[in-house]
Number of protein chains: 2
Amino acid sequence: MQNQIEHLKSSGSKLTKPRKRVLEILTELRKPVTLSEIHEKCGDIDFASVYRSIKLFTELRIVHEISWGDKVLRYEMMEDDHHHHIVCKKCGKIERLDLCILDKVQNMTSFKIESHSFEFVGICPECK
Amino acid sequence: MQNQIEHLKSSGSKLTKPRKRVLEILTELRKPVTLSEIHEKCGDIDFASVYRSIKLFTELRIVHEISWGDKVLRYEMMEDDHHHHIVCKKCGKIERLDLCILDKVQNMTSFKIESHSFEFVGICPECK
DNA sequence: TTTCTAATTGCAAGCTGTTTGCATTTAGAA
DNA sequence: TTCTAAATGCAAACAGCTTGCAATTAGAAA
């Protein structure tokens, strides 16, 4: 978490209680979570502060925004190893997917790709 | 469009004016569009009817729901050739991507995959 | 350590896209 | 043509996200 705090401060932003708490939660959970989920774990911190913290972190590329197509966005600490997810629609279990073909796609198009989603929803063995 | 109408009727649903219009629009546009976009092109049909038509079509697998992570869902007529998209974030231009590694991913996991997103957002050559 | 101020927060209201209940209308079977 | 379950239009509700503003606070400067 120290790197992220460094990065935050060097951008001219302050390390406030809400921001610290949000960082802690993301570091601890180590999986994509919604704003509400973060807010619930935050104690008495206001939802708007969680929202603004996450917005800032996303801009600073400290966290990564993920859409699973269910209208709620999720956020995950940005990690060194690029990865995606397979989610169980029943129990919510998350499996990491260490595979991505962004490079391949980038070579197929004249678009300069800036972001991509590559997410899978299904049923895990236990819920089957 | 005849196949879809067949399918609709054989499911016990009626071919109403709103439904027909929505099908026409989707067939004509042949790209992912939002509910509002469909509604605009619908004339005096109520938004709720567009919404319920699309919901039905999605259940019947006549249309396909797509998320580009911008909080608005888009819908596209389900086609025989499975494909994805690369979208320009500036002008909205859409490029088809006839590549998918669903099979490969399905072989890597014990989850039974039911749906997936594989969408790219970037800048097209003209907007660059 | 204390002072000071721009940055940040909490609150409450607002927004956007989606969803629903209900009285009225209508597709299409009889 | 009649009839009724299904579908519509309307209007209100909802969920998640976003913002303006007065009060608070991190942390630089004294």
Side-chain angles (χ1 to χ4, degrees), chain A residues 1-2 4-26 32-60 62-76 92, chain B residues 1-2 4-26 32-60 62-76 92:
Chain A
M1 226 177 80
Q2 221 46 47
Q4 287 84 343
I5 292 176
E6 258 344 279
H7 186 18
L8 176 69
K9 289 197 166 180
S10 72
S11 83
S13 303
K14 294 176 180 173
L15 178 61
T16 61
K17 194 150 57 121
R19 288 174 182 171
K20 189 144 178 282
R21 189 79 194 91
V22 171
L23 277 184
E24 283 168 4
I25 290 167
L26 288 172
V33 280
T34 65
L35 288 180
S36 311
E37 284 165 349
I38 299 171
H39 179 230
E40 278 169 23
K41 292 193 166 278
C42 262
D44 55 358
I45 293 165
D46 193 73
F47 186 89
S49 300
V50 174
Y51 166 76
R52 283 184 280 223
S53 296
I54 287 290
K55 196 172 170 217
L56 174 65
F57 295 163
T58 305
E59 281 157 9
L60 294 176
I62 290 176
V63 313
H64 179 224
E65 187 182 79
I66 297 167
S67 161
W68 284 343
D70 61 350
K71 293 152 212 133
V72 195
L73 295 176
R74 287 177 172 77
Y75 301 89
E76 179 179 49
Chain B
M1 227 179 79
Q2 222 46 47
Q4 288 86 342
I5 293 177
E6 260 343 282
H7 185 19
L8 177 69
K9 290 196 165 179
S10 71
S11 82
S13 302
K14 294 176 179 174
L15 179 62
T16 60
K17 195 150 56 121
R19 288 175 183 170
K20 190 145 175 284
R21 190 79 193 90
V22 171
L23 278 182
E24 281 168 6
I25 291 167
L26 289 173
V33 280
T34 65
L35 289 179
S36 311
E37 285 165 350
I38 299 171
H39 178 230
E40 276 168 26
K41 292 192 165 278
C42 260
D44 55 357
I45 292 165
D46 194 73
F47 186 90
S49 301
V50 175
Y51 166 77
R52 282 184 279 223
S53 296
I54 287 290
K55 196 174 172 214
L56 173 65
F57 296 163
T58 305
E59 281 158 10
L60 294 176
I62 288 175
V63 314
H64 179 223
E65 187 182 79
I66 296 167
S67 162
W68 285 343
D70 61 351
K71 293 153 213 130
V72 195
L73 295 175
R74 286 176 172 80
Y75 301 88
E76 179 178 48

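To find a chain, count down the sequence lines: A is the first, B the second, and so on, and within it residues start at 1.
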Using the side-chain hydrogen bond (donor to acceptor under 3.5 Å, both in side chains) criterion, which residues pair with [X]? Sequence neighbours excluded.
{"X": "S11(B)", "result": "S13(B)"}
{"X": "E59(A)", "result": "none"}
{"X": "E40(B)", "result": "none"}

Can you list, by residue number, the residues of residues 47-54 of chain B that have a non-hydrogen atom closer than 4.0 angstrom to DNA chain D? A48(B), S49(B), R52(B)
In whole angstroms, how far is the [atom2] atom of [N] from the [atom1] atom of [X]?
{"X": "L8(B)", "N": "dA7(D)", "atom1": "CG", "atom2": "P", "answer": "8 Å"}
{"X": "K55(A)", "N": "dT8(C)", "atom1": "NZ", "atom2": "C1'", "answer": "14 Å"}
{"X": "R19(B)", "N": "dT26(C)", "atom1": "CZ", "atom2": "P", "answer": "15 Å"}
{"X": "K17(A)", "N": "dG10(C)", "atom1": "NZ", "atom2": "C1'", "answer": "12 Å"}
{"X": "F57(B)", "N": "dA7(D)", "atom1": "CZ", "atom2": "P", "answer": "11 Å"}
{"X": "K20(A)", "N": "dG27(D)", "atom1": "NZ", "atom2": "C1'", "answer": "15 Å"}
{"X": "H39(B)", "N": "dT19(C)", "atom1": "NE2", "atom2": "C1'", "answer": "15 Å"}
{"X": "L73(B)", "N": "dG17(C)", "atom1": "CG", "atom2": "C1'", "answer": "9 Å"}

Using the 3.5 Å cut-off, write out each protein N or O paired with an N or O of nucleotides 28-30 of chain C and the distance between them.
unit_1: dG28(C); atom_1: OP1; unit_2: L15(B); atom_2: N; d: 2.9

Expected list for residues 45-58 of chain A: side-chain donor-acceptor pairs under 3.5 angstrom, two or more places apart:
unit_1: D46(A); atom_1: OD2; unit_2: A48(A); atom_2: N; d: 2.9
unit_1: S53(A); atom_1: OG; unit_2: S49(A); atom_2: O; d: 2.8
unit_1: T58(A); atom_1: OG1; unit_2: I54(A); atom_2: O; d: 2.7

Which atom names give the shortest non-hydrogen contact between L73(B) and G69(A), and what distance separates them? CD2-O, 4.2 Å
Main chain of L60(B), side chain of H7(B): is a donor-acceptor contact present, judged purely on distance under 3.5 Å? yes
Flag side-chain contact, heavy atom, 4.5 Å: I38(B) against L26(B): yes
Side chains of R74(B) and T34(B): does their closest heavy-atom pair fall under 4.5 Å? yes
Check ion pair E24(A)-K20(A) (N to O, under 4.0 angstrom): yes
G12(A) or L35(B), whichever maps to the more 5' nucleotide of DNA chain C: G12(A)
Is the phosphate of dT19(C) approached by K71(A) (side-chain N or O, under 4.0 Å from OP1 or OP2)? yes
